[in-house]
Amino acid sequence: MKKILVVANDMEIGGAERALLGLLEALNKKKYQVDLFLLRHAGPFMQFIPEGVNLLPENSKYSDLGVPIQDVLIRGHLGMAFGRARGKYKAKRFIAKNNLKKENSVEIHYSFKYTLNFLPEISNFEYDLALGFTTPYYIIDKKVHAKKKAVWIHTDYSTLDGDRNEEQKVWEAYPFIVSISEAVTNSFLKIYPGLKDRIYPIDNIVSEELIQKQANMFDVEKEMASEKGVIKILSIGRFTKAKNFDNVPDICAQIISMGILVKWYIIGYGNDRKLIERKIKEANMEDYVSLLGRKENPYPYIKNCDIYIQPSRYEGKAVAVKEAQILHKPVVITNFPTASSQLRNGIDGIIVPMDNSGCAKGIVDLLKNSEKIQNLIDNCSTSRYSNCEEIEKIYALL
């Protein structure tokens, strides 16, 4: 039996984690030994790790990468604490010297780079295939024995500043760089054109049957109560700059000012929560924009909404968009750089302008067009979004 190792950060709630669950679900556990190594055994999605997947024990040195440095010191891991602190110091110098944007990959990249020498090998034996599903990718190259190795691109790299020379060294270590969409590939190759021949396209794997089943697990009417004449909007994502939820209150206010009564629900969590709450208050949208927090199972909420909106500044490929389409919801996304790869504009969703006014107008135009909404619903219901056949591309690597 051939052995496959999958490495990821944790099982917190997010699009990449849901895509990971889709991959683990699709792998044939009777034909292959599937081991999963997580840096931290943390997150609500831990309970959804499929039966047959062998979860390797947590290693405290690796979990040091996901906790504050002072906690690493308390654990007595002086080497890891030193590496983390050194990486933080060097990252700040690099960011300042190169005048990088606040949203960048340098600090997390250096955190991994300067702790590498203090990390043990993940396993003693050789795998037939090792898959690095989320960062840090150094680990697959340096701490795993495998005949073949591949790592994933999940985001639009053209939007993130970074230490390109150092990051290129990491990517160059791999013969296969898995990209989840053509748009993600194009943005990556703008930064690393020399790696074109290593791109290996594999779409995020989703199971329509599993999503439909989970959508019927419980009722959410208490949290998303139906009100006559009120349209229920839903968005899902981490509370970060990329998701653009801080602009939702203003967009919502503009929609209401145009005579459409909506209530906009947001599922998620993250560092920008206070910012979003402040923006809600500033726009006087306390009665119209509601933060529902973390949800282990978002599908009953998608099922209960009237329209799904992904108002992002940028995306790799938003898993929630496809999940909403699977549940036959009209979908609206903003015109971020990779938007055209998310849906078929005008067929199973629509793309609206990124600016708040254009976004609000595009949403209102759709909400006033019941025939268009029904066409989107019908097209979603007759389209096939399950792509479990993508798993064959994993087997081809073997």
Side-chain angles (χ1 to χ4, degrees), residues 4-25 27 34-50 53-69 71-72 75 77 80 83-84 87-88 91 103-116 118-123 130-144 149-155 157 160 162 167 170-171 174 177-178 180 184 204-205 237-240 242-243 268-271 294 296 315-320:
I4 299 173
L5 173 69
V6 183
V7 176
N9 270 305
D10 51 42
M11 298 307 292
E12 294 292 350
I13 299 172
E17 289 76 15
R18 290 205 296 276
L20 172 59
L21 287 173
L23 170 68
L24 294 173
E25 185 72 37
L27 285 167
V34 180
D35 288 356
L36 174 64
F37 180 78
L38 298 173
L39 273 61
R40 296 186 306 128
H41 286 196
F45 283 177
M46 288 291 296
Q47 62 180 307
F48 298 129
I49 295 173
V53 173
N54 176 36
L55 179 62
L56 299 180
E58 184 181 85
N59 186 297
S60 60
K61 291 286 184 69
Y62 283 94
S63 65
D64 284 345
L65 293 170
V67 300
I69 294 175
D71 290 354
V72 180
R75 293 178 178 184
H77 296 168
M80 289 295 293
R84 288 277 305 277
K88 193 177 187 72
E103 191 85 0
N104 66 75
S105 61
V106 180
E107 188 167 324
I108 190 168
H109 181 83
Y110 278 27
S111 177
F112 300 145
K113 176 183 177 181
Y114 290 102
T115 54
L116 190 62
F118 303 103
L119 294 171
E121 292 187 352
I122 286 177
S123 177
L131 306 174
F133 201 78
T134 55
T135 56
Y137 299 128
Y138 276 118
I139 292 174
I140 299 294
D141 177 35
K142 303 295 186 182
K143 302 298 179 180
V144 174
K149 299 178 179 182
V151 291
W152 259 252
I153 318 170
H154 290 283
T155 192
Y157 264 80
L160 284 176
E167 291 184 15
V170 178
W171 295 115
Y174 299 101
I177 301 172
V178 176
I180 60 173
V184 167
N204 284 330
I205 297 172
R238 286 195 174 100
F239 294 165
T240 63
K243 300 302 181 183
Y269 68 99
N271 295 332
R294 297 160 60 121
E296 297 172 16
E315 287 280 355
K317 197 159 190 179
V319 176

K.L.:
How far apart are the closest heavy atoms of A42 and D10, and which atoms are they?
P.N.:
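Looks like O-CB, 3.5 Å.
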K.L.:
What closest approach, in Å, do A16 and F133 show between heavy atoms, and which atom pair accounts for it?
P.N.:
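Heavy-atom minimum between the residues: O-CE2, 3.2 Å.
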K.L.:
Answer whether the closest heavy-atom distance between the side chains of N204 and R18 falls below 4.5 Å.
P.N.:
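In short, these two side chains do not touch, never coming nearer than 4.5 Å.
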K.L.:
Quick one: are L5 and S123 in side-chain contact, heavy atoms under 4.5 Å?
P.N.:
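Not in contact.
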K.L.:
Are more than 12 heavy atoms from other residues, nucleotides or ligands located less than 6.0 Å from atom CG of L56?
P.N.:
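Yes, CG of L56 has more than 12 neighbouring heavy atoms, counting only those of other groups under 6.0 Å.
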K.L.:
Flag the pair R75 and D64 as a salt bridge only when some basic side-chain nitrogen lies within less than 4.0 angstrom of an acidic carboxylate oxygen.
P.N.:
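Judged by the 4.0 Å cut-off on N to carboxylate O distance, R75 and D64 do form a salt bridge.
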K.L.:
Identify whether the distance between the nearest side-chain nitrogen and carboxylate oxygen of R40 and E58 falls below 4.0 Å.
P.N.:
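No, no charged N to carboxylate O under 4.0 Å.
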K.L.:
Just by modelled atom types, is the V144 backbone N or O under 3.5 Å from a matching donor or acceptor in the K149 side chain?
P.N.:
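It does hold such a pair.
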K.L.:
Give the ring-plane orientation class for Y174 versus Y137, where under 30° counts as parallel, over 60° as perpendicular and anything between as tilted.
P.N.:
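Aromatic pair Y174/Y137 classed perpendicular.
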K.L.:
Atom CG in L38, atom CG in L20: separation rounded to 0.5 Å?
P.N.:
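Between atom CG of L38 and atom CG of L20 there are 7.5 Å.
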K.L.:
Can you check whether W152 reaches L131 side chain to side chain, under 4.5 Å on heavy atoms?
P.N.:
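Yes, side chains in contact.
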K.L.:
Could you label the plane-to-plane angle of the Y114 and Y110 rings as parallel, tilted or perpendicular, counting under 30° as parallel and over 60° as perpendicular?
P.N.:
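The arrangement is perpendicular - the two ring planes meet at more than 60°.
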K.L.:
If you take all heavy atoms of A130 and I140, which pair is closest and at what distance?
P.N.:
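Nearest pair, atom of A130 first, then I140: CB-CG2, 4.2 Å.
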K.L.:
Mind checking whether P136 and V170 have side chains closer than 4.5 Å, heavy atoms only?
P.N.:
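When only atoms from C-beta onward are counted, V170 and P136 do not touch, as no gap falls below 4.5 Å.
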K.L.:
I need the H77 NE2 to S63 OG distance, nearest 0.5 Å.
P.N.:
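The OG atom of S63 is 7.5 Å from NE2 of H77, to the nearest 0.5 Å.
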K.L.:
Once rounded to the nearest 0.5 Å, what's the spacing between atom CZ of F37 and atom CG of L55?
P.N.:
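Interatomic distance, F37 CZ to L55 CG, rounded to 0.5 Å: 9.5 Å.
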K.L.:
When rounded to the nearest 0.5 angstrom, what distance separates OG1 in T115 from CD1 in I139?
P.N.:
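One gets 8.0 Å once the value is rounded to the nearest 0.5 Å.
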K.L.:
Taking all non-hydrogen atoms of both residues, which atom of K61 and which atom of F118 are closest, and how far apart?
P.N.:
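Closest approach of K61 to F118: NZ-O, 3.8 Å.
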K.L.:
Does F112 have any ring pair (Phe, Tyr, Trp, His ring centres under 6.0 Å) partners at least two apart in sequence or in another chain, and if so, which?
P.N.:
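With sequence neighbours excluded, F112 shows a ring pair (Phe, Tyr, Trp, His ring centres under 6.0 Å) to no residue whatsoever.
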K.L.:
For the side-chain contact (heavy atoms from CB on, under 4.5 Å) test, which of I108, L39, V72 pairs with L65?
P.N.:
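Of the listed residues I108, L39, V72, the side-chain contact (heavy atoms from CB on, under 4.5 Å) partner of L65 is L39.
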K.L.:
Could you tell me whether a side-chain N or O of Y62 sits under 3.5 Å from a main-chain N or O of P120, the two making a donor and an acceptor?
P.N.:
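Such a contact is found between Y62 side chain and P120 backbone.
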K.L.:
Which distance, rounded to the nearest 0.5 Å, do you find between the CD1 of I205 and the CG of L27?
P.N.:
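Going from the CD1 atom of I205 to the CG atom of L27 covers 7.0 Å.
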K.L.:
Between V319 and E17, is a side-chain contact (heavy atoms from CB on, under 4.5 Å) present by the stated rule, with each step listed?
P.N.:
CA-CA 10 Å; V319 176; E17 289 76 15; over 6 Å; no
K.L.:
Under 3.5 Å, side chain of K143 to main-chain N/O of L119, donor-acceptor pair present?
P.N.:
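Yes; at least one donor-acceptor contact below 3.5 Å.
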K.L.:
Do E12 and P44 come within less than 4.5 Å of each other through their side chains, counting heavy atoms only?
P.N.:
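With C-beta onward as the side chain, the pair touches.
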K.L.:
Rounded to the nearest 0.5 Å, what separates atom NE2 in H154 from atom CD in E315?
P.N.:
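Answer for the NE2-CD pair, H154 versus E315, is 12.5 Å.
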K.L.:
State, to 0.1 Å, how close I49 and L36 come at their nearest heavy-atom pair, and which atoms those are.
P.N.:
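That closest heavy-atom pairing would be CD1-CD2, 3.9 Å.
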K.L.:
Provide the closest heavy-atom pair for R84 versus G66 in the form atom of the first, atom of the second, distance.
P.N.:
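That closest heavy-atom pairing would be NH1-N, 4.5 Å.
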